[in-house]
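What follows is a single structure, written as structure tokens, with notes after it.
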Amino acid sequence: MAMNASWKEAVSWARDRVVLLLDFLGTTSIDRYEYNLAFVEASKRLNELAESDTSWLPAAIKLGDPRNVEMTRLTFKALAPEAYERRSTGPYVSEVCRMLSMAARDPVAYDVLRHHAAGRRERRVPLCFELDNFANQVLRYRFTRPTPAGRPKVNRVRDEHLHAILYDLVHRFEVTPTRNPATPDTMSACDILSEAIPVGAGLPRSVSTLQGIWSEGERAWKREFPNSGT
């Protein structure tokens with residue numbers, strides 16, 4: 001494929017972007033960044049379901065004052081959502097129960113549920129039985145926030161930035177994102193970026209890995225924006 005610039009110019013441009021990425025990864029708390037992304041996504045999904053699915057409201061309104069609710073003893077650990085007693089059904093309650101099944105080991109799920117419950121109580125909006133039960137357990141210190149385990153996950157943030165570089169290479173230099181196995185052409189965005197990443201930088205350099213990052217980035221974009229037409 002013909003480029004609107006030389007190979008050297010494209011590699012030089014990509015290398016400048018890689019330097020910025022390395023600086024970002026070296027100075028940003030990736031663990032916190034990952035947490036914020038996951039928290040915002042999960043909160044948005046839960047709030048949207050709470051607004052769009054009202055099938056649980058009649059049962060929730062019957063709960064009345066939380067002090068008069070008969071508490072069900074729950075074992076909060078990583079169980080399937082169906083393991084929790086459910087007083088109502090529907091997409092919203094299903095999502096609450098799914099997050100409850102994760103909350104004993106996932107700080108994001110715990111914090112999203114706690115924040116969601118607190119916000120609804122402050123606005124005097126009814127809580128479904130499952131969420132009300134969770135909130136009361138938290139207030140009684142029977143369900144505490146789990147401690148994050150494992151090493152920080154940097155791959156998601158890193159790969160999102162690499163995908164952005166590949167996307168810009170495609171549109172800036174008019175190259176294909178990946179190699180076409182049916183032709184001898186190797187002038188793709190993945191080839192350019194592979195050449196631009198310094199040895200020992202701690203970033204994936206193989207063309208095949210970059211192709212995988214490109215493909216996953218495109219799938220993620222379509223999941224997020226299914227009607228974008230791209």
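Quick caveat: nothing in here was measured; it's all calculated off a predicted structure.
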Side-chain heavy atoms of [X] within contact of [Y], under 4.5 Å:
| X | Y | result |
| --- | --- | --- |
| L49 | V93 | no |
| R140 | Q137 | no |
| Y110 | V138 | yes |
| L162 | D159 | yes |

[X] side-chain N/O to [Y] backbone N/O, donor-acceptor pair under 3.5 Å:
| X | Y | answer |
| --- | --- | --- |
| S43 | F39 | yes |
| S101 | R98 | yes |
| S194 | C190 | no |
| D106 | M102 | no |

Does [X] have any side-chain contact (heavy atoms from CB on, under 4.5 Å) partners at least two apart in sequence or in another chain, and if so, which?
| X | answer |
| --- | --- |
| E195 | W7, V11 |
| L20 | none |
| A50 | Y92, H116, R120 |

Rounded distance [0.5 Å steps], [atom1] in [X] versus [atom2] in [Y]:
| X | Y | atom1 | atom2 | answer |
| --- | --- | --- | --- | --- |
| Y141 | T144 | OH | OG1 | 11.0 Å |
| L169 | R17 | CG | CZ | 8.0 Å |
| R219 | E216 | CZ | CD | 4.5 Å |
| L193 | R15 | CG | CZ | 10.5 Å |

- prompt: Without hydrogens or angle criteria, can the side chains of E218 and H163 be said to hold a donor-acceptor pair below 3.5 Å?
  reply: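 There is such a pair between these side chains.
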
task: Would you please say whether a donor-acceptor pair under 3.5 Å links the side chains of D191 and S188?
output: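 Result is yes, a qualifying pair exists.
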
For [X] and [Y], which heavy atoms make the closest approach, and how far apart are they?
| X | Y | answer |
| --- | --- | --- |
| I213 | P204 | CD1-CG, 3.8 Å |
| M99 | A42 | CE-CB, 4.0 Å |
| L127 | A135 | CD2-CB, 4.5 Å |
| A103 | F143 | CB-CZ, 3.7 Å |

Do you reckon [X] sits in the same ILVMFWY cluster as [Y], going by side-chain contacts under 4.5 Å, direct or chained?
| X | Y | result |
| --- | --- | --- |
| V40 | W221 | no |
| V207 | I165 | no |
| V18 | F24 | yes |
| W13 | L21 | yes |

Using salt bridge (charged side-chain N to carboxylate O under 4.0 Å, His left out) as the criterion, list what pairs up with [X], not counting sequence neighbours.
| X | value |
| --- | --- |
| R45 | E95 |
| R124 | none |
| D111 | R114, R145 |

message: Looking at K44 and E41, is there a salt bridge between them, counting it only when a charged N and a carboxylate O are closer than 4.0 Å?
response: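 Here E41 does not pair with K44 in a salt bridge, since their nearest N and O are not under 4.0 Å apart.
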
- prompt: Hey, would you say the F129 and F134 ring centroids sit under 6.0 Å apart?
  reply: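 No.
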
task: Please work out which of the three classes, parallel, tilted or perpendicular, describes the rings of W214 and Y167, given edges at 30° and 60°.
output: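 Parallel: the ring planes of Y167 and W214 meet at under 30°.
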
